Amino acid sequence: MSLDLTTTADLARALSPELTLTAAGMLALLVTAWRHTSARDLRIVGWVTLAGLAAGAAAVWWLWSQGARAAGPPSMIAVDAFRFVTDALFLAAAGLTVLASFDYLEREALLVPEYYVLLLFATLGMMLMAGGEDLMVIFLGLELMSVAVYVLAGFDRRRARSAEAALKYFLLGAFASGFLLYGIALVYGATGTTNLGLIGGQVGTTLKPSAMLLAGLALLIVGFGFKIAAVPFHMWAPDVYDGAPTPVTAFMATGVKAAAFAALFRVMYQAFAAVPAWHDILWWLAVVTMIGGNLFALGQRSLKRMLAYSSVAHAGYLLVAVTAGGVAGTSAFLVYIIAYTLMSLGAFAVLGAKGRAGESDVTIDDLSGLAARRPWLAFALAICMLSLLGFPGTAGFIGKWYVLIAATSTGQNALAAILVLTSVVSAGYYLPVIMAMYMKPEPIEAAHVDVCLDRWGRAAVAVVVVGLLLFGVWPNRLFDLAKAGGDSVHAVGAPTAVPTLTGGLGQHGP
Amino acid sequence: MALPPLTLLWVVPALPLAGFVVNGALALVAPGAKRAVSLVGVGVLVLAFAAAALAVLELAQLHPSAPLVVGYWDWLPVGDLQVAFALQLDQLSAVMILVVTGVGALIHVFSAGYMHDDPGYARYFAYLNLFVFFMLTLVLGASFPVMFVGWEGVGLCSYLLIGFWFTEQINADAGKKAFIVNRIGDFGFLVAMLLIFWYTGSLDFGTVFPKAATTFGAGGPVITAITLFLFLGCTGKSAQIPLYIWLPDAMQGPTPVSALIHAATMVTAGVYLVVRCGALFALSPVGSATVAGVGALTALFAATIALKQWDIKRVLAYSTVSQLGYMFLGVGTGAYAAGIFHLTTHAFFKALLFLGSGSVIHAMHRAYHATHAHEDAQDMRNMGGLARYMPWTATLMWIATLAIAGIPPLAGFFSKDEILGAAFAQGAGRPVWYVFWGMGLAAALLTAFYMTRLMLYTFHGRNRTGDREREQLHEAPPLMTAPLVVLGILTVLGGALNIPPLFGGGARLAHWLAPVTAAALAPTAEASPATEWALVAAAVLVAALGIVGAFRLLKPETLAPARLAPPERGLGRLLWKKWYVDELYDAILVRPVLWLSREVLWKVVDMRLVDGLLVNGTAAASRALGWVGSRLQTGEVGVYVVLFVVGVLAVVGAVVR
Amino acid sequence: MLLGPALAVSGVLFAVGVLGVLLRRNAIVIFMCVELMLNAANLAFVAFAQQLGVAGQIFVFFVMAVAAAEAAVGLAIILAVYRHRRTVDLQNINLLKG
């Protein structure tokens, strides 16, 4: 199906997932206006949200199965497999988060149905980020997502820690957005366009990129680096992940990070493929992020903060895939991000079952003897930990394997070696979790009696565990998806005429 | 018979996996169903052994010169090339699967008796089945990644089983140590794997090995690096210097686990890897010499530590480390068949020794349990004279002792002799091998000595268990002694597998393995029959000397029970404290890392650098600008902003330059 | 409006915003400094738009809408923190650390 995005009908088709989600968000908001007091109301809105996500997924599936392609002049929204894969990922992450939230919200007496509405709009923002083929669309998507997640982080506003997390996230996030926006402005000034394809065409024909363009590129990397929590822009992540309600943390660590990575990936490969400078920057970011994230995680006793630092470390692994690039790198990137989303969501969901009042006080030792009392829960968490560790037979291994192969086959041997070394270090903080659960007795009798998930939470965790094991043993389907998605992101070759600066600071070529 | 060859090979690993699933489910649902658990746990192993035997018979009929590869599904697409999830059977993996399933089945039977009263019975068998599955994957895998799955998996199971009795903190610590040391080894394996992929573009054994000679050339730096990284992996898994430290601590696990994982199968994975990658090691003289040298050194070093241990299982643990050293000496010398031969015979007699010690500990434990005494059931100073109460165990363990000491015609004699002979012959070309041979011979002397010491203190002399406890000492039930008898027979007859031409034998194992070792281009060196006879004589003499020496020097009569024993002094103390290696590791490796993490990274970087330098630095700058700030703390947005801006400046500076 | 001077003002405005975030400790003041950064970007967009067409001017409206949304959410969050701590001074808001 070829879509001419200059016509309204085709544009609506191309945007059908986003439009569906918007409609679902509005509907959920309307329901909330009338029903916003009891736990039952909360469930109703939750189911409306799930239905909306499912409808969005159906729209994505429809576009995908039709083989939708954009025709005509470069437009603001991409219609390619990369967008579909990432959209499906965001929708799945949001759906699993909703499932894990049902019980949590009621238990913590957070009877505010707007939670789900915000989740929907945040997901919409993510989809715009990953699908945007224009820096402004990406910026708007990022802000839509961020504003919703700022509120979600502080959702448990009766707790000082949650409010503080929201404040920190908001101030630093807005600060980072400022850099991102200024970067967009500079890139716009240097190339005369904000369309990724057109920028790519411009950059491709210019022998030496202007200083303005490079500065803009650097600020873009900073802006995305913040959202993906790359060292040294990661400082907010442990605090915010720690303070936010655990399902929200799960959503932030997976959806938000994946969306920022998807946008970073698209911007780098579609607009700046011809500028070698960013490779070095991402190389260094990958190195310090892998080392920093893993080392800081080692010192943690709190499970939630450990997982937060671990998500920083995984951002480093993903950066390796982005740096490697090529056919191998793009598919490795998608495989890893899917695997990471699953295992991280699972780990946080189980943590949400164990903890009370924000979970920040759950230390690794508090899990002692969980395997005896709650064997399935312990098994699920153990699988998630092994997968995060990159143990063979789990999706985490497959992901890491592809990243390693991608790095090796593009000659980034040093990155591959650092990845292997740092993931060896990571055993030092993932294994104690398994050890505590399986090799230590319960600290007091019946310490874990009230640790349990409701049936929806269980369903979410089960999906995660099955997914991790299935993709670990039989990753072909996953890889086919990733390959299709990876192949569709490429720099637009032919330059199109765009207005350029004629005086002042413009220094670029013809 | 329309089936292609080895259609049913997948059944061999699938059976233990099914056992794991069933027992795992039982452990969750009905942990008390011991009969069902033993039936499944032991049954799958027996069936797996039968399946393995059928597969090997099929292989023997074909006797192909290349491995038979059976691909199942495309597993890891790598660029244009697919790494299939494929298993392969060749003469080498045939030996390995027979050992793993055969000895494994015996140990499972023994476990059914040994663990019978344990509340975690189902969990135990689930782990044990899972271990066998991973071990079979390791030896049957047709590519490095598939092998790596098994490699990691056996490590995980070993870790879970060491910490099986987790109520004691020391066990959990031992499990953790095992896993972390193994991760260092895994690092080596992974790096080697990536290097191989980078240079050959493939990871299938069938592609990499034929290409190796042309791709790398002999003795180049790349092949040396690859072999050394591979060997780093081996030192972790097979407990060689410097990564051997985890194995003695691993003895905290149940004794059958020590027999299966930490003596007979998993720890030999490193030896298997070297033989499997013989085509690579043959290209690197430095790599091979390192393997042989580290093996010889470990053989000697571990044997000295074993001399002075009091814990019966620790003696056997160090003995295992030492014997693994022999195997590496053999394979590093290029005598691959000899190494595998020793691996096989060692699996027989070391499993016998461990199960025998398990039987002893079982009896001691029950005796102490009956009288509610809290003595150490594994300390040899509490034993003595047990031959009277446990005649079967004592006799069988004596057979194994003579075998490990190298007394003809028991199994250990032939295999050990072959390794030493190969090392000596190699010395003609490269004199350093004479040193290795000398170390091996010295280790043989010590082996004979410490094993006799173990037997004397455990089974002979006056009984030191205690007066009331003595009445409770009994031979183990038949379920436990039966596997011992089978292993005893194998220990006696195992040597027949590969009787060298010198004694009129056909060296059948060497011929069987010829298709595998031929690909490895093993540098062969032959000694004259006269020299060989002299070597045999020297080896037997040394073994006899060790045994007789132990009888003459040791006085089991004068030994006091553990609670009354005086502390050791001088050299004895040094040996008893294992050369203080653990303390050394603790001081130079473990503590610095923890220290680095806590003191440097946490206290200095986190608290001082970020908290102190950055925060106070900012505050100073702020004061200079007229803004009065107080002391800031981590968790404070200002610090984060400072770091953020530093990052921005670095990124912008680097891009624009 | 000349491009060079306009961009210079925009750059100075941006730098003032960054320095303000760096140096001030009051959450509301920091937020205003962030707004300053966004407005610096707006100024740059408008300046570029003179030569590059109307798109840059349209972006400014998007950014203003985004800034308004951020202000609404941000002030609410600051208020929520104020309820707990009776202060919006970031020096004192450090429950989450380590």
Side-chain angles (χ1 to χ4, degrees), chain A residues 167-168 171-172 175-176 179 211 214-215 217-219 221-222 225-226 231-233 235-236 239 277-278 280-281 284-285 295-296 298-299 327-328 375-376 386 391-393 397-398 401-402 404-405 408-409 413 416-417 420-421 424 427-428 431-432 435 438-441 473-476 479 483, chain B residues 24 27-28 73-79 85 145 148-153 156 159-160 163-164 166-167 169 171-172 175-176 179-180 183-184 186-187 190-191 194-195 197-198 201 593 596-598 601-602 605-606 610 635 637 639-641 643-644 646-648 650-657:
Chain A
L167 180 65
K168 282 180 173 170
L171 285 181
L172 290 165
F175 186 55
F179 283 98
L214 289 176
L217 171 63
L219 293 184
I221 293 179
V222 168
F226 174 83
V231 177
F233 312 114
M235 300 287 281
W236 60 277
D239 286 7
W278 63 266
D280 294 342
I281 302 300
W284 278 106
L285 279 184
L295 288 182
F296 292 133
L298 266 183
V327 178
W376 292 104
L386 287 176
F391 198 80
F397 169 71
I398 303 291
W401 171 257
Y402 280 129
L404 279 174
I405 289 293
T408 317
S409 58
N413 287 331
V420 173
L421 202 60
V424 166
L431 283 174
M435 196 171 72
Y438 282 89
M439 296 185 188
K440 283 185 185 159
V473 178
W474 195 69
N476 301 45
F479 189 75
K483 197 160 156 42
Chain B
L28 291 178
W73 68 88
D74 291 335
W75 185 41
L76 300 168
V78 178
F85 195 96
F148 188 68
V149 170
W151 186 270
E152 286 282 273
L156 179 73
Y159 164 71
L160 289 171
F164 185 76
F166 51 73
T167 37
Q169 178 64 33
N171 296 8
K176 194 170 159 191
F179 206 94
I180 286 173
R183 293 296 297 186
I184 301 176
D186 296 342
F187 166 69
L190 262 174
V191 170
L194 289 174
L195 281 173
F197 174 74
W198 171 242
V593 170
L596 193 74
S597 180
R598 177 150 284 272
L601 291 174
W602 186 59
V605 175
D606 218 53
V610 176
V637 174
V639 183
Y640 303 172
V641 173
L643 206 71
F644 191 103
V646 169
V648 172
V651 169
V652 174
V655 174
V656 178
R657 247 189 299 246

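Order of the sequence lines fixes the chain letters, A, B, ..., with proteins taken first and strands second; residue numbering starts at 1 for each chain. Predicted model only: the values in this text are computed from it and were never measured.
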> Which residues pass the ring pair (Phe, Tyr, Trp, His ring centres under 6.0 Å) test with Phe187(B), sequence neighbours left out?
Replying inline: none

> Just how far is it from atom CG of Leu172(A) to atom CZ of Phe644(B), taken to the nearest 0.5 Å?
Replying inline: 7.5 Å

> Going from OH on Tyr640(B) to CZ on Phe175(A), what distance comes out if it is rounded to the nearest 0.5 angstrom?
Replying inline: 15.0 Å

> Under a 4.5 Å heavy-atom cut-off, does chain B meet the side chain of Ala215(A), its backbone, both or neither?
Replying inline: both

> ring pair (Phe, Tyr, Trp, His ring centres under 6.0 Å) with Trp278(A): which residues, sequence neighbours excluded?
Replying inline: Tyr269(A)

>> Which atoms of Leu167(A) are under 4.5 Å from chain B, going by heavy atoms: the side chain, the backbone, both sets, or neither?
In response: neither

> Between Val651(B) and Leu219(A), is any pair of side-chain heavy atoms under 4.5 Å apart?
Replying inline: no

>> Is it true that, when you exclude Trp198(B) itself, more than 12 heavy atoms of the residues, nucleotides or ligands shown sit nearer than 6.0 Å to its CH2?
In response: yes

> So, for Val655(B) and Leu214(A), which heavy atoms are closest and what is the spacing to 0.1 Å?
Replying inline: CG1-O, 3.4 Å

> Can Val424(A) and Asp186(B) be said to form a side-chain contact (heavy atoms from CB on, under 4.5 Å), step by step?
Replying inline: CA-CA 8 Å; Val424(A) 166; Asp186(B) 296 342; 5.7 Å; no

> Can you find a pair of side-chain heavy atoms, one from Leu194(B) and one from Leu404(A), that are under 4.5 Å apart?
Replying inline: yes

> chain B: which of Gly393(A), Ser409(A), Pro392(A) shares the most heavy-atom pairs with it under 4.5 Å?
Replying inline: Pro392(A)

> Looking at Phe391(A), Trp474(A), Phe397(A), which makes the most heavy-atom pairs under 4.5 Å with chain B?
Replying inline: Phe391(A)

>> Counting heavy-atom pairs under 4.5 Å with chain B, which one of Ala416(A), Pro475(A), Ala277(A) comes out on top?
In response: Pro475(A)

>> If I measure from the heavy atoms of chain A, does Leu195(B) come under 4.5 Å with its side chain, its backbone, both, or neither?
In response: neither

>> Given heavy-atom pairs under 4.5 angstrom as the criterion, report whether the side chain, backbone, both or neither of Leu190(B) touches chain A.
In response: side chain

>> Please identify, among Ala417(A), Gly225(A), Pro232(A), the residue contributing the most non-hydrogen atom pairs under 4.5 Å to chain B.
In response: Pro232(A)

> So do Val473(A) and Trp73(B) actually touch side chain to side chain, heavy atoms under 4.5 Å?
Replying inline: yes

